[in-house]
Amino acid sequence: MAAGSPSASPSSGSSAVALPLFNRHRPGSPEMAQKSSLAVPPPVPVLVVCFLACVATGVELSVNNHAADFTLSTSSGTPISLSCLVQNSSQAEELLWYRGDGKVDLKDGNKVNISNICISPATATDNGVTFTCKLMRDQSVKVSVILDVQFPPNVTEDETVKAEEEKDVTLTCNAKSNPQGQAAWYKNNAILTLQQDRYQVYQTSEVFQLSITKVQKSDNGTYTCEVKSSLGSGRKDFHLIVEDKKTVFPMEAVIAAVVVVTLTVLFGIVARRDKICKCFKRSSETAL
C-alpha cells in the first residue's frame with residue numbers, strides 16, 4: 001500500500017495525516033473550550049435575578065426635571081410648585097412627599113405616577129427645609145430639594161433697658177436674614193465709637209449684642225442696632241436708662257448686732273433674776 005494512503009498502519013513510514021486529526025480533538029484546546037461554553041446554558045435563576053434587578057433599578061424619579069437632589073432658590077412671598085414624575089416604569093407607581101421628616105397628605109388623584117405640591121407663599125420659615133419625593137414600593141428611590149428662601153433682615157421690637165450705675169449691661173438684637181446681614185451700632189443716631197475697655201460686640205448669624213461694662217450716667221440714651229443685607233435693612237432701638245446706685249445695707253453686720261443685743265438682754269435678765277424675783281415677792285407680801 002502506498003505511504004500516502006489514509007489506511008496506512010501506524011508503523012508505516014508516514015503519520016502526517018493522523019496527527020492533525022488527533023490535535024483537533026485534544027482536551028483543553030481553544031476549539032474545545034469554545035464549543036463547551038456555547039453548549040452549556042447559564043442557570044435560569046441567574047437570568048431571573050438580572051432581569052428583576054434591571055426592572056427595580058430602571059425606575060427613576062425627577063422633581064422639576066431634576067433627577068438628583070438639588071437646591072431651589074426663591075424670594076420670600078413667592079409661591080413654589082414642586083412636581084414629581086415617575087420615569088422608566090410600565091406600571092402605575094404611587095408616590096410619597098415628605099417635608100423634613102413629616103409626611104405630606106396627598107389627595108388620591110395626586111399620588112400616582114405624577115404628584116404636585118405647592119408652597120404658597122414661601123416664607124422665612126421655609127428657608128433650609130427639605131422636601132423629598134419617594135417611590136412608595138421602594139423608598140430608596142427618591143429626589144430631594146432644599147429650599148433657599150431669601151428675605152431681608154427681620155428684627156425684634158424696640159426695648160427699654162434699665163441698669164443700675166456701675167453695673168454691666170448687654171443689649172441683644174435678634175435679626176434673621178438670608179443672605180446673612182451685618183450689624184452697625186448707633187447712639188442717639190450717631191455712629192457709636194467703641195471704647196475697647198468698655199464696649200464689646202458679639203455677632204452670630206442671627207444674634208447681635210453690645211455689652212457695656214460698668215455703665216455710667218453718661219451712657220443714658222437711645223442705642224440702635226441696624227442690620228443690613230443685600231435685600232434691605234432692619235433697625236431696633238434700645239432706650240437705656242441708668243439709675244442711681246442703690247445703697248446696700250450690710251446685712252451681716254445688722255444681723256450680728258441684733259444677735260449681740262438679744263444675748264445682752266438675756267444675760268442681763270439672768271444676772272438680775274434673783275433681784276427681780278425678790279421684788280415680785282415683796283410686792284406680793286405688800287398686797288396681802
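Being a predicted model, the structure only gives us computed values, none of them experimental.
Considering only heavy atoms from C-beta on, Thr160 comes within 4.5 Å of Ile241 through its side chain. In this structure the side chain of Lys245 reaches within 4.5 angstrom of the side chain of Glu164, judged on heavy atoms. Taking the side chain as every heavy atom from C-beta outward, Ile117 and Leu106 approach each other to under 4.5 Å. In this structure, Val161 and Val169 have side chains that are in contact, with non-hydrogen atoms separated by less than 4.5 Å. Looking only at side-chain heavy atoms (C-beta outward), Asp148 and Thr74 stay at 4.5 Å or farther from each other. A heavy-atom distance below 4.5 Å is found between the side chains of Leu95 and Leu135. Between Lys103 and Trp97 the shortest side-chain heavy-atom distance does not fall below 4.5 Å. Inter-residue side-chain proximity for Phe131 and Ile119 is flagged as met; some heavy-atom pair is nearer than 4.5 Å.
If you chain together hydrophobic residues whose side chains sit under 4.5 Å apart, Leu194 and Leu240 fall into the same group. Under the 4.5 Å side-chain contact rule for hydrophobic residues, Leu85 and Val145 do not share a cluster. By the rule that hydrophobic residues join a cluster once side-chain heavy atoms approach within less than 4.5 Å of another member, Ile212 and Val201 end up as members of one cluster. Following chains of ILVMFWY side-chain contacts shorter than 4.5 Å, one cannot reach Val112 starting from Leu96, and the two form parts of different hydrophobic clusters. Both Val141 and Val104 belong to a common hydrophobic cluster when Ile, Leu, Val, Met, Phe, Trp and Tyr are linked at side-chain heavy-atom distances under 4.5 angstrom.
No more than 12 heavy-atom neighbours from other residues, nucleotides or ligands sit within 6.0 angstrom of OH on Tyr202. Enclosure of atom NZ in Lys142 is not indicated, since only 12 or fewer non-hydrogen atoms of other residues, nucleotides or ligands lie within 6.0 angstrom. Shown here is Lys176, whose NZ atom has no more than 12 heavy atoms of other residues, nucleotides or ligands within 6.0 Å. For Asn65, the CG atom sits in a loose shell: 12 or fewer heavy atoms of surrounding residues, nucleotides or ligands are nearer than 6.0 Å. Counting non-hydrogen atoms of neighbouring residues, nucleotides and ligands closer than 6.0 angstrom, the NZ atom of Lys187 exceeds 12 such neighbours. Taking a 6.0 Å sphere around NZ of Lys217, one finds it holds more than 12 heavy atoms contributed by other residues, nucleotides or ligands. Summarising the local packing, CG of Asp197 is surrounded by more than 12 heavy atoms from other residues, nucleotides or ligands at distances under 6.0 Å.
The OG1 atom of Thr71 sits 9.0 Å away from the CG atom of Leu147 when rounded to the nearest 0.5 Å. Note that the CD atom of Glu93 and the CD1 atom of Ile114 stand 14.0 Å from one another [nearest 0.5 Å]. Asn110 CG to Asp105 CG: the interatomic distance, rounded to the nearest 0.5 Å, is 11.5 Å. With values rounded to the nearest 0.5 angstrom, Asp126 atom CG is found 10.5 Å from Phe151 atom CZ. A distance of 11.5 Å separates CD of Glu159 from SG of Cys225, quoted to the nearest 0.5 Å. Atoms CD and OG, on Gln150 and Ser177 in that order, are 10.5 Å from each other to the nearest 0.5 Å.
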For this session: Decide yes or no on side chain to side chain contact (heavy atoms under 4.5 Å, CB included) for Thr132 and Arg99, but give the supporting numbers first.
Result: CA-CA 7 Å; Thr132 303; Arg99 185 185 192 276; over 6 Å; no
Exercise. After noting the C-alpha distance and the side-chain angles of Leu210 and Thr170, does the key distance pass the side chain to side chain contact (heavy atoms under 4.5 Å, CB included) rule?
Worked result: CA-CA 6 Å; Leu210 172 66; Thr170 298; over 6 Å; no
Problem set entry | Worked check of side chain to side chain contact (heavy atoms under 4.5 Å, CB included) between Gln87 and Leu61 | CA-CA 6 Å; Gln87 297 176 335; Leu61 299 181; over 6 Å; no
Exercise. How far apart are the C-alpha atoms of Thr224 and Asp237, what are their side-chain angles, what is the distance that settles it, and do they pass the side chain to side chain donor-acceptor pair (under 3.5 Å) test?
Worked result: CA-CA 4 Å; Thr224 302; Asp237 289 335; 2.6 Å; yes
Problem set entry | Test side chain to side chain donor-acceptor pair (under 3.5 Å) applied to Ser144 and Thr130, step by step | CA-CA 7 Å; Ser144 296; Thr130 299; over 6 Å; no
For this session: Dump the intermediate steps for side chain to side chain contact (heavy atoms under 4.5 Å, CB included) on Ile80 and Leu72, then the final yes or no.
Result: CA-CA 9 Å; Ile80 298 176; Leu72 178 61; 3.6 Å; yes
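Under the 3.5 Å distance criterion, with hydrogens and angles disregarded, no donor-acceptor pair is assigned to the side chains of Thr213 and Asp168. For the residue pair Gln209 / Thr172, a side-chain donor-acceptor distance below 3.5 Å is found, with atom types taken as modelled. With hydrogens and angles left out, the side-chain atoms of Glu166 and Gln216 include no donor and acceptor closer than 3.5 Å. Under 3.5 Å, the side chains of His239 and Thr222 contain a donor-acceptor pair of N or O atoms. Side-chain N/O atoms of Ser76 and Thr123 include no donor and acceptor closer than 3.5 Å.
Formation of a donor-acceptor pair under 3.5 Å by the Asn220 side chain with backbone atoms of Val242 is found in this model. Formation of a donor-acceptor pair under 3.5 Å by the Ser75 side chain with backbone atoms of Thr78 is not found in this model. Side chain of Asn178 to main chain of Val149: a donor-acceptor pair is present (N/O by atom type, distance under 3.5 Å, no hydrogens or angles). Asn88 contributes no side-chain N or O that, together with a main-chain N or O of Glu60, makes up a donor-acceptor pair within less than 3.5 Å.
When all heavy atoms are compared, the tightest approach of Phe208 to Trp185 is O-CZ2, 3.9 Å. What you find for Val227 and Cys173 is that their closest heavy atoms are CG2-SG, 4.5 Å. Taking every heavy atom of both residues into account, Gln203 and Gly181 meet most closely at NE2-O, 3.8 Å. Considering every non-hydrogen atom in both Val215 and Ala163, the closest pair reads CG2-CB, 4.1 Å. Residues Ser229 and Pro152 come closest through the heavy atom pair OG-CA, 4.3 Å. In terms of heavy-atom proximity, Val155 sits nearest to Ala175 at CG1-CB, 3.4 Å.
Lys134 forms a cation-pi arrangement with Tyr98, by the criterion of a distance under 6.0 Å to the ring centre and an angle within 45° of the ring axis.
Under 4.0 Å is where a charged nitrogen must lie from a carboxylate oxygen, and between Asp219 and Arg198 at least one such pair does.
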